[in-house]
Structure formats: structure tokens, C-alpha cells
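Here is the structure we will look at, set down as C-alpha cells.
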Amino acid sequence: MEVKAPAGSMTDRASKSKWAITVCLFLLILVFAVSFTMIGPMMPILINKYAIKWSQGGLISTFQSIGGILAFVFGGLLADKMKKTKLIGISFILYILSLLLISLAPVYLVLLCLFFILGLGTNLLDILANAYISDLHPERRGVVLNLLHTFFGVGAFIGPLFSSLLIEQGVHWNVVFRILGIVCGVLLVLFIIITYTMPVNTREGSQEDSKNVLKLFAIPKMWILGIIMLLYTAHQGGISTWLPTYMETSLKSTPLLSGMGLSVFWIGIILGRLACSKLSQRFSP
């Protein structure tokens, strides 16, 4: 006598696979965000280490952002032509390699080139993670994307505390990068295991999707929104990079206290994102 599988069992397995991959993506974004803000408390150390001017210190964020711009330009095109899980793995490998090599950078120019690669890898990861989670949860896309961004905020909150606490304990700056690189390596192995043992079928992108995105540039309001986001990102990047340095040099605070100052800033961003998620259900943008 043939025994039939319980109704809905395939659906249950697919749902578990989706959420296992989703949680793993949340963790990848969290550790990416750690690197986004942990640089702030380390800026005075890097400036002294490479004997550069304060203005030259800002090139770290500049090179990282240039890599991020290239990721945005090519990321959307690649996401429609290759399997997203493979691209996420590749982008995360770039991120891990840049973290490990940054700790060995002999001169400042090499350091800047590695931050360029870090920006390329992390922003490509960010784009792909958003796109892949949207594919995994099309029926609740807004809620899950908001959770993804909340995990980014949590990682950004942890970042300055992570680096400043280690520095205050006497850990060398390059070891901080290595520790994060090792943690990321463990998460990458976890992601690979989950995606290969619990595969999920999702809607593949198409060239038509890319054309629809290009149509957005013909909408005047999108240009206004773009300018707003340009200014917002400049503010957020400036605070994340230079607030701890200002607190250490001008206010004479400890590295840990300066890191806490930046973490408090990110607590506000996390609360704002959570509040916006609720308010968007009642009010128009």
C-alpha cells in the first residue's frame, strides 16, 4: 500500500528553506554593516599609522564609495543575468578578502585600493540581498525588507562598539579587521551550506525588468528623491566617519566613549526605520 506524503509538506519545506536563507542573509548584512561604522573610532589610529593629513583620511570613505557606485551600476545588470546566490557568495568573498588584506596594507595607496574593493563587495552584497529577499518573499516584501534594513542598523550600532572596545583593550587595529574577516568566513560557509542543501526556486529577472528600472529616470520626482538621498547619505557617511574622531581629539573622550556616541546615533536610525514601517501603513510617503 502506497503512503502519500501529508498535504502541504512540500510547501512547509519550501517555507523553511526560504526563511533559513533569509535569516542567513540578515546575518550577512549585519556583519557588513559592522565594517561600515567600525572605521570611525579607528580613524585617528589610521591617520597616525600612515602619517597622512586629516583631509587625506577622508579618502578612505571616498574610495569605498567609488567602489559602491560601480556596484550599483553593474549590480542590477548582473542580478538579472546570473544566479543571485552565486553573486552573493562572490560579493561576500570580495568583502572577506578586503578585510583580511586591509590588515596587511603596507602603504596608504594600497589601503585605499583595498577599501575600494571593500566598497565594491559590500554594496554589491547589499543590492543582491535586497533583490533576492524580494524574490523569496514577494507577498510580504515590504515587511521582510524592513527587517533586513533593521539588521543593517543593528550591525551599524555594533560596529563602533566592536572596534573601540577592542582598541581600548590593546588589540592592534589590523587584528580588528582580521577578527571580523574570520567571523564573516564562518557565515559564508553557513550560507553556502544552506543554499546548497535547502535550494529555493524564485522568479528569475529579465531584461524587461532592467528596462522598467531605466524608466524611473524619466520621472522628475525620482530626481528630487535622488538629490534628497544624496544629501542624506553625505550626512550619514560624514557622521559615521568623523564623529568618533571629533570626540576623541576635541572632546578628549576615550575610544570606547566615542564609539558609544556613534552607536547612539544608529539607535536613532533603527528606531526611525521601525517607526516608519508602522507609519507607512497609515500615511502616504
Side-chain angles (χ1 to χ4, degrees), residues 29-47 52-73 75 112 115-116 118-127 129-130 145-164 216-217 219-251 253 255 257-280 283 285:
I29 288 295
L30 187 149
V31 292
F32 145 49
V34 169
S35 72
F36 183 75
T37 54
M38 80 175 192
I39 305 299
M42 302 172 73
M43 283 301 293
I45 297 174
L46 294 175
I47 288 171
I52 56 175
K53 299 177 181 178
W54 289 101
S55 57
Q56 292 174 314
L59 290 174
I60 290 176
S61 295
T62 300
F63 272 68
Q64 190 172 345
S65 297
I66 292 172
I69 292 170
L70 288 180
F72 281 117
V73 171
L112 293 178
F115 268 100
F116 168 82
L118 186 143
L120 181 65
T122 53
N123 281 277
L124 189 58
L125 170 68
D126 190 21
I127 295 167
N130 278 273
L145 281 175
N146 187 64
L147 277 173
L148 181 71
H149 299 156
T150 301
F151 268 81
F152 179 90
V154 172
F157 164 77
I158 294 172
L161 294 178
F162 168 73
S163 59
S164 59
L216 294 175
F217 290 97
I219 304 173
K221 286 184 178 180
M222 288 302 298
W223 287 95
I224 298 173
L225 181 60
I227 293 171
I228 292 171
M229 292 308 300
L230 175 70
L231 297 174
Y232 167 73
T233 304
H235 160 259
Q236 182 178 285
I239 292 291
S240 296
T241 303
W242 292 111
L243 177 62
T245 300
Y246 167 72
M247 292 182 67
E248 283 189 51
T249 56
S250 297
L251 303 183
S253 64
L257 187 59
S258 67
M260 289 176 63
L262 184 54
S263 291
V264 169
F265 172 75
W266 276 92
I267 288 176
I269 293 179
I270 294 170
L271 293 176
R273 287 175 176 174
L274 293 174
C276 185
S277 178
K278 296 293 183 181
L279 292 172
S280 63
F283 304 101

Report task. Mind listing the closest non-hydrogen atom pair of S240 and T37 along with its distance? Result -> OG-CG2, 4.1 Å

Query raised in the report: Does W242 reach the side chain of M43, with side-chain heavy atoms less than 4.5 Å apart?
Result: yes

Query - Least distance between heavy atoms, P44 atom then E248 atom - result: CG-OE1, 4.1 Å

Requested in this report: With the side chain counted from C-beta on, respond yes when I39 and F115 share a heavy-atom pair under 4.5 Å apart, and no when they do not.
Outcome: yes

Query raised in the report: Do you know the tightest heavy-atom contact between G68 and N123?
Result: CA-ND2, 3.3 Å

Side-chain donor-acceptor pairs of residues 52-61 under 3.5 Å, sequence neighbours excluded:
{"from": "Q56", "atom 1": "OE1", "to": "K53", "atom 2": "N", "distance (Å)": "2.8"}
{"from": "S61", "atom 1": "OG", "to": "T241", "atom 2": "OG1", "distance (Å)": "3.1"}

**Report entry** Pairwise side-chain contact, S258 with L243, heavy-atom cut-off 4.5 Å (strictly under)
**Finding:** no

Query raised in the report: CD1 of I219 to CD1 of I224: how many Å apart, nearest 0.5 Å?
Result: 11.5 Å

Query raised in the report: Parallel, tilted or perpendicular for F36 and F32, by the 30°/60° rule?
Result: perpendicular

**Report entry** Nearest-0.5 Å distance, CZ of residue F72 to OG of residue S65
**Finding:** 9.5 Å

Query raised in the report: When rounded to the nearest 0.5 angstrom, what distance separates CG in L70 from CG in L124?
Result: 10.5 Å

Would you be so kind as to tabulate the donor-acceptor pairs closer than 3.5 Å made by side chains of residues 148-160, with sequence neighbours excluded?
{"from": "H149", "atom 1": "ND1", "to": "L145", "atom 2": "O", "distance (Å)": "3.3"}
{"from": "H149", "atom 1": "NE2", "to": "N130", "atom 2": "OD1", "distance (Å)": "2.9"}
{"from": "T150", "atom 1": "OG1", "to": "N146", "atom 2": "O", "distance (Å)": "2.8"}

Requested in this report: Taking atom CE of M247 as the centre, report whether more than 12 heavy atoms of other residues, nucleotides or ligands fall under 6.0 Å from it.
Outcome: yes

Requested in this report: Determine whether more than 12 heavy atoms belonging to other residues, nucleotides or ligands lie under 6.0 Å from atom CZ of F265.
Outcome: yes

Query raised in the report: About how many Å separate CG of L112 and CG of L118, when rounded to the nearest 0.5 Å?
Result: 12.0 Å

Report task. Looking only at non-hydrogen atoms, find the nearest pair between P244 and L262 and report the distance. Result -> CG-CD2, 3.9 Å

Query raised in the report: Looking at OG1 of T233 and CD1 of I228, how far apart are the two atoms once the value is rounded to the nearest 0.5 Å?
Result: 11.5 Å

**Report entry** Min side-chain heavy-atom separation I269-R273 under 4.5 Å
**Finding:** yes

Report summary line: d(L257 CG, S164 OG) to nearest 0.5 Å is 9.0 Å

